[in-house]
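Below is one structure, written out as structure tokens; comments come after it.
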Protein chains: 2
Amino acid sequence: MAPKDLQRSDEHFLAGFFEPESVAIVGASNNPMRATYHLVGNLIKLGFRGRIYPVHLSEKEILGIKTFRTVKDIPETVDLAVIGVSYTATPGVLKECAEKGIKRVTLIAGGFSEAGEKGKRVQAEMARMVRENSIRAIGPNALSPINVKTGFCISFHAIDSIKPGNLSLIFQSGLYEPRSGWLLNDFNYHLNKLIDLGNKMDVNEVDALGYLVEDPETRVIGIHLESIGGDGREFLRLIRKGAAQGKRVVVLKSGKSEAGAKAALSHTGALVQGNDRVFEDAMKQCGALRARSLEDFFDLTRALERFGPLSLKGNRVFIATFPGGEGVIVTDLLEQEGLSLAETGSATLDKLRPVFPSWDIPGNPWDLGLTMQFHDPRKIYQTVIDAMIAEPNVDGLAIQMHPQSLLFPKEFMGIFTRAAQEGKPIALWLAGMESGRHENLMWLEERAVPVFPSPEKALRALAALHRFSRS
Amino acid sequence: MAPKDLQRSDEHFLAGFFEPESVAIVGASNNPMRATYHLVGNLIKLGFRGRIYPVHLSEKEILGIKTFRTVKDIPETVDLAVIGVSYTATPGVLKECAEKGIKRVTLIAGGFSEAGEKGKRVQAEMARMVRENSIRAIGPNALSPINVKTGFCISFHAIDSIKPGNLSLIFQSGLYEPRSGWLLNDFNYHLNKLIDLGNKMDVNEVDALGYLVEDPETRVIGIHLESIGGDGREFLRLIRKGAAQGKRVVVLKSGKSEAGAKAALSHTGALVQGNDRVFEDAMKQCGALRARSLEDFFDLTRALERFGPLSLKGNRVFIATFPGGEGVIVTDLLEQEGLSLAETGSATLDKLRPVFPSWDIPGNPWDLGLTMQFHDPRKIYQTVIDAMIAEPNVDGLAIQMHPQSLLFPKEFMGIFTRAAQEGKPIALWLAGMESGRHENLMWLEERAVPVFPSPEKALRALAALHRFSRS
């Protein structure tokens, strides 16, 4: 990588946050019980290839790496300083970074604009220092960033590995932090980059979005917002630009209610402005999808990443469930989500007939439970999926897996990957199962077939895919 | 138990289905790969104390129990015959049951009213046989019933144990079946009785509801319906009666959309009638809660059972989250669910001050992540929960648990049980965790503190409790 001063001028300033060649970790710790222990620990475990400079007043080394008393003692250029000291010590460290000539900092501590008049004053003072020294700063009150490809991961949690993917995330506050173990280990989240903005003293969502929209490795962008801190028009323009490039943007906007807006104010000091319905309409017009809930946000971003470049060309879905009653529920869901029940032709019905019971049944929704009383599951899944791949009136598949699927041999699981390979998105669900906990589910997710714990989530994922195919 | 002919005349006819002294299992199997293997296997494992008569044409014994060639060969009275043979053999076995004088049967096979004209004719013929012989029949197309207290459990899945509780369920089709392992083992479902009605040839939801409304061990009733097969007015009267007795009824009604209604018809042959909005209004007026989705149905019935006789006296909720941003999201959710943010008095704020950071913060929503940078988690949870128990303006608590809670010692977990003990419902959530998989979560659930995988579910549970406190 070229030294930063020789960078191409068209490189976004955030690139240096995601791909630092050298990083100072101020407030690193040798105590595994402290959250700051993982600031250095994760970099080592994840194989970060840049130079790591732990900074500590008394320790000689941290996790085997030589420490420095202050950033100013570091004998080399530092691309990025991660400031993980207390809020009282943070302005002093920032000053030292300025003196050292460091141009990028992440401020982790909270206790500033969200902490009354005094905190606001201190943050304003830091903002001035940053501006005057041409420093770019993430935070304060931000754990950030993560770049899976380079193993660069600033987190208070022990992260052993992250599955690489094409999903990049922007958070206003560390919503993902207490979930990071679940998201990255159990949930089959395939991440590319993550930035947490905290109080947005300098870097804001417009900067972050501008960078990710141009990032070739980012295909899905998830954004959590309480307020728009930067230029609202530019923010919308960037979402439109991303959509035009085929990037899928999912937005979770909180602070919708009056009480929620007040809570947002007390938490990051951000004033939530504007009418929520105006925001909703703006998202639609720009081609972004608004997540309904926190769970929805994580479900949809995961699913859209796994679906990859696949799209749902029309809204006609084939359904297969174990209890027939579930087929009825899922048919209701289809309409709620703006999808429809595919009408399969007589040629398809003929293909399905070998796995009928001894009487005639409808082709869609398909009653797996019934047909499995008479035929081998392997034969049924294969027959049904083959028929639906060939059926021109079917755009996507929504299929319930049986709990015993967890015991199926992998060559059998391959049946489920065929639909996606043939260009037809498939959303599977298996009640009560966290995707990723079981070998068979991980196997499917690695092959870009997402598995959900409920039909509601599976259908919502297909609906999102359809939503984006039209925009 | 008195012989059935000496039963008190006021006993509901379904009692004999849930507490048979002797049961014939027709179509039992010695082959562990067959679903019918578990019909007898579960009864043995769950310690069913009645007499079991497996019926098989060729096997001498099944799982160590002597078999009979036909029900007619059984030398004693049979309270209930479970007919688990194929749909072609079912009418013949039913005839033999009639000849033997058996008065209660469960018909498992499908292939009748849902399977075209021929199936309809055969079902009508069976219905006639049942009527003429004063037999009461569950099904066909029904796996049923389960009575946890007596270890009586008719299921195609291996059930090793069921946590006893006060939740009873009525299903129109076996929605729970592919989920039974998850519901009963991983989800902390505390069950009392379960009845699956299938095609409702004889026993219908009005019968089932009439029985459960009078059942002293049933406190929460969950009903899944596609159609109302019995007397609609009586059904609504029974729900009102249950509500008046403090029973909480949750209804999942599918077949809402036109396509869904058509799917219901093909699946159980039931014609879904009437306007969905009329049904919605009727449920509200009767004091029942309508589940929004399959997931919602299982979440709410579980939560209401765990909350026990507790109610949410007002709608004022205290919130504590790890990321402050989650507090904003949950505050929005409160309004959506008809709850409100409790306004805590200055006396409460004074009690909380010892776990503040060095600046003033709001009491509600409470920023756990922030305060834990400065104080011991044990002290914070204890201070906050004690203060909220004493605060007269707080009716219930919604608190996010940290993933590390799974490692807490049990005496620490006891902090979370105190609120419920003091009459204030508490709903906890822990992102991405199936409740029941982890020792600490099971410990809480056993002490009637439900834990959810998302704030949406936790808030929805509190809202349901509030809904019922007013009805």
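Since this is a predicted model, take the numbers as computed values, not measurements. In the text below, chain A, chain B and the rest are named by the order of the sequence lines, each starting its count at 1.
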Rounded to the nearest 0.5 Å, how far apart are [atom1] of [X] and [atom2] of [Y]?
X: A/F322; Y: B/L175; atom1: CZ; atom2: CG; answer: 13.5 Å
X: B/D332; Y: A/L294; atom1: CG; atom2: CG; answer: 11.5 Å
X: A/I108; Y: B/Q373; atom1: CD1; atom2: CD; answer: 10.0 Å
X: B/F297; Y: A/S454; atom1: CZ; atom2: OG; answer: 15.0 Å
X: B/I329; Y: A/S293; atom1: CD1; atom2: OG; answer: 9.0 Å

Name the region of [X], side chain, backbone, both or neither, that has any atom closer than 4.5 Å to a heavy atom of chain A.
X: B/K118; answer: neither
X: B/L430; answer: neither
X: B/F374; answer: side chain
X: B/W429; answer: side chain
X: B/Q404; answer: neither

Q. If every non-hydrogen atom of B/S173 is compared with every non-hydrogen atom of A/G324, which pair is closest and at what distance?
A. OG-C, 4.5 Å
**Q.** Smallest separation among heavy atoms of B/Q400 and A/P178, with atom names
**A.** NE2-CG, 4.0 Å
Would you say that [X] contacts [Y] through its side chain, given a criterion of any heavy-atom pair below 4.5 Å between the two side chains?
X: B/E456; Y: A/R292; answer: no
X: B/R179; Y: A/E326; answer: yes
X: B/E177; Y: A/P323; answer: no

Q) If you count heavy-atom pairs under 4.5 Å with chain A, which of B/P403, B/G174, B/S86 comes out on top? A) B/P403
Q. Where on A/L252 is there a heavy atom nearer than 4.5 Å to chain B: the side chain, the backbone, both, or neither?
A. side chain
